[in-house]
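Everything below concerns the one structure shown next.
Quick note on labels: first sequence line is chain A, next is B, and so on, each numbered from 1.
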2 protein chains.
Amino acid sequence: MSQTDAPRKARLRDVSRRTILDRTARLLVERGYSSTSLREIAKAVGMKAGSLYYHFDNKESLVEEILTEGVVHVQESVGAALDAARDAGPMERLRIAMECHLRTLHEQSDYASAHIRCFAHVPPEIRHRLRKVREEYDGVWVQLLKDAEDAGSLAEGIDPHFLRMALFGLLNWTLEWRLPPDRSLEDLTYQFYRIVFEGAARDGS
Amino acid sequence: MSQTDAPRKARLRDVSRRTILDRTARLLVERGYSSTSLREIAKAVGMKAGSLYYHFDNKESLVEEILTEGVVHVQESVGAALDAARDAGPMERLRIAMECHLRTLHEQSDYASAHIRCFAHVPPEIRHRLRKVREEYDGVWVQLLKDAEDAGSLAEGIDPHFLRMALFGLLNWTLEWRLPPDRSLEDLTYQFYRIVFEGAARDGS
DNA sequence: ATTGTTACCTAACATTCGTTTGGTGTAGAC
DNA sequence: GTCTACACCAAACGAATGTTAGGTAACAAT
């Protein structure tokens, strides 16, 4: 009846729901989509498998919500960092986006890394809807590269579309490694930025 | 009794076995490890599921053989191309290796693409043994980059280990795309080579 | 004190999975 | 013509899967 009543009533439900999402995201990263069973998820949460259906319609919608949120996490993280560096030049903004993308994947969001690792193995309908969600985040990079191009910072003959694909490959593939713990993500970003934009070859080779 | 007798006796067995491997590789690329069932494989071959056990101990060893052969395909393809260009400079040899790696993944071997797409989702023991198989192919690239470094063709401050990881990310991640059919793999290789080695930024940005 | 809702559990459902067992037709060897 | 090894099939196994139905403690509202 009070204003705090409705939130309090809804709290346990929301907490449990969030716990399920968190634990499932972790399992999806570790074992992939098909190998993560509802009973495994339930055990990680401290429930029984059937109880998951109180919070989600089925396994697919649970996973879809996680993978969708994964894109949102990366997009918000990169977006916030770019907003904070609104005055930086286009190349510096690209470097910031690279570091932020890497940091979200490796240190901040199991949702994001679950998205990368499971996308290809998820049912086609989900994958189709996830493509739509990706497009908005893709747009951020399209704009970043367009800004760099307009500023005359990109070399001639470089196709921005391929460059974007190359960047995604570089950044997302790092999930396949065990990151060397002696090197920071800042180092990694610096190396990748140098390779992709300044080139790994000595000038004139 | 004749010399052709033993081969003829063994032929049907070998043909069937190879058919199983081929069809399974294709299914692994399309649906991933856990979602590819033995009954699906058997149907694609024209057998019943139980009959697969005449040729393989179990699902895991069937898959392991495919993923292992995938590495062999790439390694032999790249190795042959490099042997044919023994006199080329280290940077040209790197370009050749890139194109050959891409071509094997996209046009020549389902075994190779199955390896890339399924490696992370395969049982840990198999993954552990596959790492050993990868190491030899990794050595090819370690040598390529060492040759480039020794020739003074690499920029200072570039860590060859990170550069190799970057290259693998770039090349292998292309399997996540639908390759634009209007662009050849030669174009793609050229773009990637320019980005990674000459840099996507205009000099002095 | 009673009622109703919330957030689960128990127990089962039908299916599918990898796998095994016991056969069976066919082809060549003798 | 008989025999034998080969390459497979038929049918089932137990276990695991996603999912559903019915029940039940705990708590809040009345």
Side-chain angles (χ1 to χ4, degrees), chain A residues 1-24 27-28 31-67 118 121-126, chain B residues 1-24 27-28 31-67 118 121-126:
Chain A
M1 58 183 69
S2 68
Q3 285 180 339
T4 60
D5 189 55
R8 191 179 303 160
K9 267 183 76 173
R11 214 176 50 192
L12 174 56
R13 181 182 203 124
D14 291 348
V15 168
S16 294
R17 192 184 153 86
R18 179 53 56 187
T19 303
I20 294 171
L21 289 166
D22 285 347
R23 301 272 197 278
T24 305
L27 287 170
L28 286 176
R31 330 210 167 180
Y33 174 71
S34 297
S35 307
T36 302
S37 72
L38 291 182
R39 283 171 177 82
E40 232 177 336
I41 294 171
K43 173 168 277 185
V45 178
M47 289 183 181
K48 294 311 174 86
S51 307
L52 297 172
Y53 285 81
Y54 180 74
H55 297 281
F56 299 93
D57 285 345
N58 47 44
K59 182 186 180 182
E60 294 193 7
S61 71
L62 163 60
V63 170
E64 180 169 356
E65 185 167 336
I66 290 170
L67 301 198
C118 298
H121 303 279
V122 118
E125 318 159 6
I126 297 183
Chain B
M1 56 184 76
S2 69
Q3 285 181 338
T4 61
D5 189 53
R8 190 180 302 162
K9 266 183 78 174
R11 213 175 51 191
L12 174 55
R13 182 183 204 124
D14 292 347
V15 168
S16 294
R17 192 183 153 86
R18 179 52 56 186
T19 304
I20 295 171
L21 289 166
D22 285 347
R23 300 273 198 276
T24 304
L27 287 171
L28 287 176
R31 328 205 175 192
Y33 174 71
S34 298
S35 307
T36 301
S37 71
L38 290 181
R39 283 172 177 82
E40 233 177 335
I41 294 171
K43 174 169 276 186
V45 177
M47 290 183 181
K48 295 310 173 94
S51 306
L52 297 173
Y53 286 80
Y54 180 74
H55 297 280
F56 300 93
D57 286 345
N58 47 44
K59 183 186 180 183
E60 293 193 7
S61 72
L62 163 59
V63 171
E64 180 169 356
E65 184 166 337
I66 290 170
L67 301 198
C118 297
H121 304 278
V122 116
E125 317 160 7
I126 297 183

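- One interatomic measurement links the two molecules: CG of A:Leu52 to C1' of C:dC9, which rounds to 12 Å at whole-angstrom precision.
- Residue A:Arg39 has its side chain nearest to D:dT17 when only C:dG18, D:dT17, C:dC9 are considered.
- In this structure, the side chains of A:Cys118 and A:Leu67 come closer than 4.5 Å at one or more pairs of heavy atoms.
- By the 4.5 Å heavy-atom criterion applied to side chains, B:Leu62 and B:Ile41 are counted as neighbours.
- Side-chain contact between A:Phe56 and A:Glu65 is present, with at least one heavy-atom pair separated by less than 4.5 Å.
- For A:Arg13, taking side-chain heavy atoms from C-beta onward, the closest of the listed nucleotides C:dA7, D:dA12, D:dC9 is C:dA7.
- Distance CG (B:Asn58) to P (C:dC17): 17 Å, rounded to an integer number of Å.
- At the heavy-atom level, A:Ser37 lies under 4.0 Å from the strands shown only through sugar-phosphate atoms.
- Minimum atom distance to the side chain of B:Ser16 is reached by D:dA7, of the listed C:dC9, D:dA7, D:dT19.
- Separating the CZ atom of B:Arg11 from the P atom of C:dA27 is a distance of 13 Å, rounded to the nearest angstrom.
- At whole-Å resolution of the value, CD1 in B:Ile41 and P in C:dT19 are 11 Å apart.
- Within the nucleic acid shown, B:Thr36 comes within 4.0 Å of sugar-phosphate atoms alone, with no base atom in reach, counting heavy atoms only.
- To the nearest angstrom, P of D:dT19 lies 13 Å from CZ of A:Phe56.
- Note: CG (B:Leu38) to C1' (C:dC17) measures 8 Å, nearest angstrom.
- A:Lys48 comes within 4.0 angstrom of a nucleotide base, judged by non-hydrogen atoms across all strands.
- Remark: P of D:dA7 and CZ of B:Arg18 are 16 Å apart, rounded to the nearest angstrom.
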Kindly indicate, with the supporting measurements, whether the criterion side-chain contact (heavy atoms from CB on, under 4.5 Å) is fulfilled by B:Leu21 and B:Arg18.
CA-CA 5 Å; B:Leu21 289 166; B:Arg18 179 52 56 186; 3.6 Å; yes
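- If you check every strand for non-hydrogen atoms under 4.0 Å, B:Ser35 touches nothing.
- A heavy-atom distance below 4.5 Å is found between the side chains of B:Met47 and B:His55.
- Of the candidate nucleotides C:dC8, D:dA7, D:dA12, D:dA7 has the atom nearest to the side chain of B:Tyr54.
- Under 4.0 angstrom from either OP1 or OP2 of C:dC9 there lies at least one side-chain N or O belonging to A:Ser51.
- We find that OH of A:Tyr53 is positioned 17 Å from P of D:dG22, with the value rounded to whole Å.
- Of all nucleotides listed (D:dG18, D:dA7, D:dC9), D:dC9 comes nearest to the side chain of B:Met47.
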